[in-house]
Amino acid sequence: MYRIKAANTYEKRPEDPRGNSYVDYRHKKQDKLDEQLNQQKIDDLFVDCVIMLNGRLEPSANYLRQLIGTHGGKVVFQYMPGVTHIICQNLSASKFIQYSKKTIPVLLPKYILSCVEHKTLLDTTEFILPQLLLEQTQQTQQTQQTQAQEPSPEFRMSQINFNYVVEPVVLDPDSERIQQKLQNLEQQIKIYQLNEIAQIDYGEVIQNVQNTDSQKSSPTQLQYIQNSPVKTHDKINVREYHEQSRLHHLSQWKVEAQQFLIQNPPQGPKPNDTAAPLFMHIDIDCFFVQASYSALSAQQQLLYQSLPLCVCSSSNTGQNSTADIASCNYVARSYGIRNGMWLRTAQEKCKELVILKYDFQVYSEQSKRFYQNLLDISSQIMPVSCDECYIKLSGLISNKEEFMTELKAKIKRSTGLITSIGLGSSLIQARIATKLGKPNGQIHIGKEQFIELIKHKTVDFLPGIGQETATVMNSIGIYSVGDLQHAQLNLLQQTFGEIKGQQLFNSSLGIDSLVFKPIQGGQQQKSKQLQVSQNFGVRLTTLLQLKQFIYNLLVELQAKQKERNQQINRIILHLNVVAKNANPQWAKNGGCGQCEKTTSSCSIQGEVTEYYEQILEPILSQFRVEDVRGADIVGVCGEQQPEIIRNKTNKINDRTSLNQFKELLNNFQEQQQNTNLITGDISQIDQIQDENVREKVKQVIGLQIIKRGNLDDVLKYDDFQQKNYYMQQMWGEFL
DNA sequence: AGGGTGTGGTAGC
DNA sequence: AATCGCTACCACACCCT
């Protein structure tokens with residue numbers, strides 16, 4: 001089912017001098033919409049129905065509204081008397097309680113689609129929202145269980161702590177609302193009995209958390225699945241885990257670098273904004289390896305001087321070792337070893353590979369020394385990471401080569417580390433220059449050179465283009481940076497979105513999409529987001545463990561908030577649940593493997609940890625406890641209210657289209673492999689309702705055929721007429 | 001229309 | 001045979017009022 005593109009169904013809110021309420025306006029609007037839809041009516045399928053749509057739906061609420069309207073039904077978006085059906089997909093805790101009280105059926109959007117398909121109003125039982133269904137069966141099960149005197153050791157997700165829906169801070173002094181809340185609360189207590197186990201253990205969690213206040217680690221113990229193939233600690237302690245996580249430190253060092261620059265403002269001259277723009281990008285070559293090496297004794301250094309080196313968390317080279325290489329030097333790279341490669345694989349490629357240990361202390365010190373050397377160059381520095389930054393040099397440098405050589409020598413003297421420097425008239429040019437120069441490089445490139453130099457690189461050579469973007473690019477026939485340089489901006493924007501498309505195109509031509517934001521000395525840098533997460537070595541078996549784990553994450557988040565002196569007004573919970581069809585092998589190394597990801601957030605005021613229940617409930621009510629068994633709970637991410645900068649341009653394309661497009665393309669490619677290209681079923685392309693996307697798919701698949709030389713296959717047909725017929729049938733005017 | 005919320009991609013070693 | 005892991009940021013889609 002393809003979505004009708006979200007037409008702009010909203011009307012401008014009228015100025016109303018007579019002070020009519022917004023509600024009036026909404027009623028009027030509702031009537032008007034109904035009238036409009038009635039005019040397009042096909043049949044009277046839903047004629048006696050008043051259908052309420054709620055929340056995020058698939059297909060979208062807008063699509064359903066039109067669908068119902070054209071079949072004679074009435075649609076509302078708020079509950080009102082007379083509603084006959086509620087269509088809903090995910091229920092938040094409060095709505096869950098509201099709806100479970102009503103006798104109106106709460107159904108999945110599939111109901112509407114099926115009714116339309118069968119041209120009749122179907123029985124609703126098949127389409128009841130699973131959450132509510134679960135609740136019903138649970139209640140019957142419960143009564144059965146109590147009769148059988150067989151209490152379950154675990155408890156259901158949807159059953160927990162609904163009696164704690166009161167907000168810790170009542171934001172709205174409106175008494176009516178508070179009364180309603182109290183009423184709700186009463187109802188909830190009637191419906192849901194607090195589980196005794198939960199009560200006791202929740203108390204324990206609180207106690208444990210209080211213990212952490214004295215900087216000591218939380219004694220909260222979370223057991224792993226017995227006989228789990230994962231060999232990690234038998235406790236999960238977020239703080240302890242982070243101590244040994246290289247990525248955690250990497251992220252922290254970036255913040256440290258920013259703070260270092262705030263406390264030690266660059267004393268260098270101010271760049272001349274009227275001069276020709278000149279930016280420097282500097283990066284320490286294989287930072288971890290060099291830094292670990294620099295901490296070795298002189299004797300060892302001599303020994304390892306020209307050997308292949310790598311840094312790895314483990315020197316365990318056993319068959320089952322899945323440790324990966326954090327960083328490897330260029331000697332090692334000559335053997336085909338790469339960052340991120342599994343140690344075992346790397347050692348197969350090079351038996352002499354020397355494994356160095358992490359030394360986070362040294363990395364942090366070296367990072368500071370590195371930045372110390374950059375302070376007198378210019379007043380404008382923008383750190384990228386602990387070992388990498390941009391510096392604005394416009395009008396400050398006379399002899400570029402000399403400057404770069406001297407700077408490199410200076411850093412080498414001070415830290416013993418070898419760096420690469422790139423100069424360019426934009427950030428991305430400088431960045432690419434460094435990349436091309438590594439290791440131990442010093443390059444200056446201009447725009448013309450830039451375009452020539454990277455023409456033949458694959459698109460993922462450009463910063464900002466990762467695996468996903470590269471795959472989509474390939475699918476629209478763009479493989480090299482040169483292809484991108486000559487691509488149609490229009491096509492890029494249709495595929496990636498207006499802004500993103502433009503940015504990608506700009507990148508290929510050496511024009512920045514990254515904004516140069518130098519650190520302002522003395523000013524507190526406020527980030528827009530604070531996040532705490534742990535994805536490794538987490539194997540939770542019970543709901544209680546899950547709750548404890550999330551609470552611990554929240555404690556860490558709160559600590560971070562205080563440390564950084566920042567306010568948090570929204571909390572986001574990310575939850576990874578092992579996908580149903582996930583290969584169990586994948587999670588063997590302690591990671592998440594293939595997961596289904598869910599996000600839920602709530603606005604907060606006050607202490608982060610107070611919102612424990614609010615965050616949990618909506619998201620947990622979607623799962624049964626069985627589903628969470630073996631789930632990986634990812635993290636809690638607190639967010640500051642970001643600056644609202646709305647993008648006011650018209651959207652050409654929406655993500656749904658992009659996803660549909662990807663799917664179609666995959667289907668088509670599968671078919672191509674299985675059948676003759678010519679007979680490949682392309683009828684589905686014509687079913688795409690969105691004209692833009694349909695045309696794009698045709699265009700793209702056409703492009704693909706040309707790119708891959710498959711056009712020749714078509715041309716093999718001797719019969720010219722038949723050939724033409726196929727061509728036309730497939731691509732219409734596109735070929 | 002603008003605010004709120006959910007999704008997904010990227011970089012750094 | 002398999003591409004994680006942590007944190008911060010951006011662009012974007014979609015719903016609610």
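All chains are named by letter (A, B, ...) in the order of the sequence lines, taking the proteins before the strands, and each is independently numbered beginning at 1.
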Rounded to the nearest 0.5 Å, how far does NZ of Lys526(A) lie from NZ of Lys528(A)? 14.0 Å
For dC9(C) and Lys254(A) - does any side-chain N or O of the residue sit under 4.0 Å from the phosphate oxygens OP1/OP2? no
Residue-phosphate contact under 4.0 Å: Asn339(A) side-chain N/O, dC13(B) OP1/OP2: no
Pairing stems for DNA chain C [at least three consecutive pairs; Watson-Crick or G-U; under 3.5 angstrom]: B:1-12 with C:6-17
If the cut-off is 4.0 Å, is His574(A) near the phosphate of dT7(B), judged by side-chain N/O to OP1 or OP2? no
Over all strands shown, is Asp285(A) touching base, sugar-phosphate only, or nothing at heavy-atom distances under 4.0 angstrom? nothing
With respect to the phosphate group of dT7(C), does any side-chain polar atom (N or O) of Ser533(A) fall under 4.0 Å of OP1 or OP2? yes
Would you kindly compare Lys560(A) and Thr345(A) by the position of their nearest DNA chain C nucleotide and give the one closer to the 5′ end? Thr345(A)
Please assess Glu388(A) against Lys254(A) for the test salt bridge (charged side-chain N to carboxylate O under 4.0 Å, His left out), listing each intermediate value before the final yes or no. CA-CA 9 Å; Glu388(A) 182 182 346; Lys254(A) 181 179 177 181; over 6 Å; no
May I have the distance from Asn576(A) (atom CG) to dC4(C) (atom P), rounded to whole angstrom? 11 Å
What's the gap between dA2(C) and dA11(B) when it is taken at their P atoms, as a whole Å value? 23 Å
Could you work out which one of dC13(B), dT7(C), dT5(B) sits closest to the side chain of His242(A)? dT7(C)
CD1 of Ile519(A) versus C1' of dA8(C): gap in Å, rounded? 13 Å
Glu468(A) side-chain proximity, nearest of dT10(B), dC6(C), dC9(C): dT10(B)
Please identify each residue that fulfils side-chain contact (heavy atoms from CB on, under 4.5 Å) with Ala433(A), with sequence neighbours left out. Ile443(A), Ile445(A)
Distance below 4.0 Å between Gln503(A) side-chain N/O and dA11(C) OP1 or OP2: yes
Interatomic distance where CG belongs to Leu573(A) and P belongs to dT7(B) [whole Å]: 11 Å
Distance in angstrom units between His248(A) NE2 and dT7(C) P, rounded: 6 Å
Verify the contact: side-chain N or O of Arg564(A) to OP1 or OP2 of dA8(C), cut-off strictly under 4.0 Å; return yes or no. yes
Does the dC6(C) base have a donor-acceptor partner in the side chain of Ser251(A) within less than 3.5 Å? yes
Please give, in whole Å, the distance from dC16(C) C1' to Ile87(A) CD1? 18 Å
Would you say dC10(C) has OP1 or OP2 under 4.0 Å from some side-chain N or O of Lys517(A)? yes
Among dT7(C), dG6(B), dC13(B), the nucleotide that comes nearest once only the side chain of Arg570(A) is considered: dG6(B)
Starting the side chain at C-beta, find the nucleotide from dC12(C), dC10(C), dC6(C) nearest to Lys500(A). dC12(C)
Donor-acceptor contact present, side-chain Lys560(A) to main-chain Gln531(A), <3.5 Å: yes
In chain order, what residues pass the ring pair (Phe, Tyr, Trp, His ring centres under 6.0 Å) check against Tyr390(A), with sequence neighbours excluded? His281(A)
Would you say Met341(A) and Asp324(A) make side-chain contact, with heavy atoms under 4.5 Å? no
Residues two or more places apart in sequence or in another chain: which of them pass salt bridge (charged side-chain N to carboxylate O under 4.0 Å, His left out) with Lys368(A)? Glu256(A)
Mark yes or no for whether Gln347(A), through its side chain, and Leu353(A), through its backbone, hold a donor-acceptor pair below 3.5 Å. no
Just to confirm, is there a sub-4.0 Å distance from OP1 or OP2 of dC14(C) to any side-chain nitrogen or oxygen of Tyr63(A)? no
Residue set satisfying ring pair (Phe, Tyr, Trp, His ring centres under 6.0 Å) with Phe279(A), at least two apart, ordered chain then number -> Phe516(A)
Who are the salt bridge (charged side-chain N to carboxylate O under 4.0 Å, His left out) partners of Lys438(A), not counting sequence neighbours? Asp283(A), Asp285(A)
Would you kindly give the CD-to-C1' distance between Gln529(A) and dA11(B), to the nearest whole Å? 14 Å
With a 4.0 Å cut-off on heavy atoms, is Arg431(A) in touch with a base, just the backbone sugar-phosphate, or nothing at all? sugar-phosphate
Can you tell me which nucleotide in dC9(C), dG12(B), dT7(C) comes closest to the side chain of Lys528(A)? dC9(C)
Could you tell me whether Leu530(A) contacts a base, only the sugar-phosphate backbone, or nothing, with contacts defined as non-hydrogen atoms closer than 4.0 Å? sugar-phosphate
Students often get this wrong, so: under 4.0 angstrom with heavy atoms, is Val532(A) touching a base, only sugar-phosphate, or nothing? sugar-phosphate
Checking all strands, does His249(A) fall into the base, sugar-phosphate, or nothing category for heavy-atom contacts under 4.0 angstrom? nothing
Atom CD1 of Ile499(A) and atom C1' of dC10(C): how far apart are they, to the nearest Å? 10 Å
Please determine if a side-chain N or O atom of Thr599(A) lies less than 4.0 Å away from the OP1 or OP2 oxygen of dT7(B). yes
May I ask you to say what Asp387(A) touches in the nucleic acid, namely base, sugar-phosphate or nothing, with a heavy-atom cut-off under 4.0 Å? sugar-phosphate
Select one nucleotide: of dA2(C), dC9(C), dC6(C), the one nearest the side-chain heavy atoms of Trp342(A). dA2(C)
Find which nucleotide of DNA chain C each of Val255(A) and Gln467(A) is nearest to by heavy atoms, and output the residue with the more 5' nucleotide. Gln467(A)
Taken to the nearest whole Å, OH/Tyr390(A) to C1'/dA11(B) is 10 Å
